[in-house]
Amino acid sequence: MTGLRVIDLTRVLGGPYCTQILADHGADVIKVEPPAGDEVRDWGPPFHEEDAAYFVGINRNKRSIGLDLASEGGRGVLMKMLETADVLIENFKPGTLDKWGIGNDVLRAKFPRLVHCRISGFGADGPRGGNPGYDAIIQAMTGMIAATGSPESGPMRIGVPLVDITTGLYAAIGILMALSERQRSGLGQFLETTLYETGLAIMHPHTANYFMHGKPPSLTGNEHPNLVPYAIFPTRTDNIFIGVGNDGTFRKLAKEIGKPELGTDPRFARNKDRIANRDALRAELAAVFSQHDAEPLCNRLLAAGLPAGPVQKVDQALNNPHTIHRGDVIEKDWYKGVASPIRLERTRPNLRRTPPKFSQHSAEVLGEFGYSRDEISALVEKGVVCGPARKR
């Protein structure tokens with residue numbers, strides 16, 4: 001992405017997650033923040049100086065400028081920046097840019113090569129068009145919460161902001177698609193990803209099952225609706241997760257744990273039989289696993305090509321020998337984060353910049369767009385551009 005200029009007007013999670021992907025792979029991402037800053041700077045503790053870990057985790061390799069886009073002067077600066085931009089990404093409420101006189105039609109006419117990406121909750125049209133979107137609310141509305149949890153726990157929110165993060169991933173994919181198409185047509189285009197459509201799109205296999213048999217999913221806890229065994233089991237030391245995807249793998253698992261007869265037992269021979277006799281199989285496997293320690297057992301099963309893993313906490317995962325060997329934790333100065341999982345052979349991601357302080361690069365960025373020192377000072381004096389000072 002080196003040579004690609006991205007003007008990032010997004011806040012919170014989905015948009016910044018998207019632009020960090022591009023920034024990790026070389027894009028020049030200029031993060032344009034409102035005068036109060038991206039609100040997740042305050043989503044702590046924990047904090048590094050005045051910025052919350054929530055902000056730090058999704059804003060590396062970017063430069064920040066504070067800009068009042070509600071002012072005519074702020075919008076003038078933005079339009080100047082867009083003259084050399086390849087991508088504009090924003091997550092304003094649909095209609096906001098139109099209200100400011102810089103809607104998509106205006107942008108298309110002035111910057112025909114610009115790829116304009118919008119992330120929103122529900123899109124601009126439809127019964128919920130323009131409504132705000134939040135990860136947990138979308139989890140609730142798309143069936144995700146109703147499909148998560150056990151009969152004992154009841155419906156549960158997924159413990160990571162899966163909808164926001166996946167919407168950011170879809171936005172990055174859409175931007176790359178639009179840039180690829182631009183190489184042929186010479187034209188940019190508008191694209192949109194919404195939290196709501198993302199929530200529906202990632203509800204596999206529950207939507208596919210519903211289309212097939214017309215039944216919504218029941219609460220199965222850690223069990224899989226379509227596969228058995230696919231669940232957590234206790235051992236002498238810690239819990240492990242076993243996931244079996246086909247009958248051959250199950251027979252291999254049965255042999256590896258010293259119970260080959262389970263692989264030919266009529267109750268368990270085929271996946272549909274194992275689903276029908278889920279509880280009986282769980283009891284058989286639990287009795288075996290309770291005689292083993294988690295780590296050695298998983299190591300042996302994995303070495304045999306069988307899907308098994310210890311249930312680890314975050315600290316265990318980040319300090320795991322495989323994590324360390326693969327270089328999955330990156331560091332620079334005070335910053336530590338998880339590396340980009342996209343590993344290209346020749347053009348590797350890299351950590352060039354720690355997450356920016358609010359409006360840290362305002363003078364540097366504006367200078368690159370042709371503003372003189374006096375002009376920059378005047379913009380700061382008018383409140384159009386924000387100075388870097390900020391207190392939580």
Side-chain angles (χ1 to χ4, degrees), residues 1 3-12 14-16 18-19 22-23 27-38 59 62-120 124 130 171 174-175 178-179 181-182 185-193 356 358-388:
M1 298 290 99
L4 189 79
R5 173 161 280 172
V6 179
I7 306 301
D8 179 8
L9 309 186
T10 65
R11 309 168 324 283
V12 190
C18 166
T19 55
L22 302 176
D28 176 20
V29 176
I30 300 173
K31 183 177 179 68
V32 179
E33 300 187 58
D38 186 333
N59 282 289
K62 305 176 188 179
R63 296 187 289 173
S64 170
I65 174 173
L67 193 61
D68 182 10
L69 294 178
S71 71
E72 184 177 350
R75 295 193 294 274
V77 173
L78 173 63
M79 298 300 274
K80 180 70 173 175
M81 295 168 71
L82 291 177
E83 290 177 2
T84 56
D86 297 284
V87 177
L88 169 68
I89 178 168
E90 44 97 359
N91 60 353
F92 291 114
K93 180 180 177 181
T96 299
L97 294 188
D98 297 284
K99 181 183 69 176
W100 287 343
I102 53 172
N104 188 56
D105 290 344
V106 174
L107 296 177
R108 282 276 69 74
K110 291 184 70 67
F111 314 111
R113 289 179 52 82
L114 181 70
V115 172
H116 174 194
C117 175
R118 175 177 298 144
I119 293 177
S120 67
I175 288 168
L179 291 171
E181 194 277 339
R182 189 179 73 172
S185 68
L187 298 173
Q189 58 184 301
F190 174 75
L191 69 104
E192 180 181 54
T193 61
F358 173 68
S359 206
Q360 176 183 345
H361 303 98
S362 53
E364 174 186 313
V365 167
L366 291 175
E368 290 177 8
F369 287 99
Y371 288 88
S372 68
R373 288 186 179 181
D374 289 344
E375 289 172 323
I376 294 170
S377 297
L379 289 171
V380 172
E381 184 69 26
K382 293 176 182 177
V384 170
V385 173
C386 304

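Heavy atoms only: backbone and side chains are in, while hydrogens, waters and symmetry mates are out.
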Would you please name every residue forming a side-chain contact (heavy atoms from CB on, under 4.5 Å) with [X], sequence neighbours left out?
| X | answer |
| --- | --- |
| Lys110 | Met79, Val106 |
| Val12 | Glu39, Val40, Trp43 |
| Ser377 | none |
| Ser362 | Ile65, Ser359, Val385 |

Results of salt bridge (Lys or Arg N to Asp or Glu O under 4.0 Å) for Glu375 - residues two or more places apart only: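 Glu375 satisfies salt bridge (Lys or Arg N to Asp or Glu O under 4.0 Å) with no other residue.
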Criterion side chain to side chain contact (heavy atoms under 4.5 Å, CB included) on Ile7 and Val32, from CA distance to verdict: CA-CA 7 Å; Ile7 306 301; Val32 179; 4.0 Å; yes
Could you grab the distance from atom [atom1] of [X] to atom [atom2] of [Y], nearest 0.5 Å is fine?
| X | Y | atom1 | atom2 | answer |
| --- | --- | --- | --- | --- |
| Phe190 | Leu114 | CZ | CG | 11.0 Å |
| Asp68 | Leu379 | CG | CG | 11.5 Å |
| Ser120 | Asn91 | OG | CG | 9.0 Å |

Residue pairs involving residues 68-92 (criterion ring-ring contact (aromatic ring centres under 6.0 Å, His included); sequence neighbours excluded):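 Every pair satisfying ring-ring contact (aromatic ring centres under 6.0 Å, His included) with a residue in residues 68-92: Phe92-Trp100.
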Quick one: closest heavy-atom pair of [X] and [Y], and the distance?
| X | Y | answer |
| --- | --- | --- |
| Ala178 | Leu191 | CB-CD2, 3.9 Å |
| Ile376 | Tyr371 | CG1-CB, 3.8 Å |
| Glu192 | Ala124 | OE2-N, 4.0 Å |
| Ser71 | Val384 | OG-CG2, 4.0 Å |
| Arg108 | Gly188 | NH2-C, 3.8 Å |
| Pro16 | Asn59 | CB-OD1, 3.8 Å |

Could you check if a side-chain atom of [X] sits within less than 4.5 angstrom of a side-chain atom of [Y], using non-hydrogen atoms only?
| X | Y | answer |
| --- | --- | --- |
| Cys18 | Ile175 | yes |
| Glu33 | Arg11 | no |
| Arg63 | Val29 | no |
| Asp38 | Lys31 | yes |
| Thr96 | Lys93 | yes |
| Met81 | Glu368 | no |
| Leu4 | Asp28 | no |
| Val77 | Phe369 | no |

Establish, from distance only, whether the side-chain atoms of [X] and [Y] form a donor-acceptor pair under 3.5 Å.
| X | Y | value |
| --- | --- | --- |
| Lys62 | Thr19 | yes |
| Gln189 | His116 | no |
| Asp8 | Thr10 | yes |

Electrostatic pair Glu72-Arg75, nearest N-O below 4.0 angstrom: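 Not counted as a salt bridge, because no side-chain N and carboxylate O are separated by less than 4.0 Å.
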Would you check, one step at a time, whether the test side chain to side chain contact (heavy atoms under 4.5 Å, CB included) holds for Val87 with Arg5? CA-CA 7 Å; Val87 177; Arg5 173 161 280 172; over 6 Å; no
Looking at Arg113 and Asp86, would you say the former's side chain and the latter's main chain have a donor-acceptor pair under 3.5 Å?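 Not at all, since once roles are kept as given, no pair shorter than 3.5 Å links the two residues.
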Would you say the side-chain atoms of Gln360 pair up with the backbone N or O of Ser64, donor to acceptor, closer than 3.5 Å?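 It does not hold such a pair.
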Checking Leu97 against Asn104 for the side chain to side chain contact (heavy atoms under 4.5 Å, CB included) test, could you report, in this order, the C-alpha distance in whole Å, the side-chain angles of both residues, the deciding distance, and whether it holds? CA-CA 8 Å; Leu97 294 188; Asn104 188 56; over 6 Å; no
For a side chain to side chain contact (heavy atoms under 4.5 Å, CB included) check, start with the C-alpha distance between Ile89 and Leu9, then their side-chain angles and the critical distance, and finish with the verdict. CA-CA 6 Å; Ile89 178 168; Leu9 309 186; over 6 Å; no
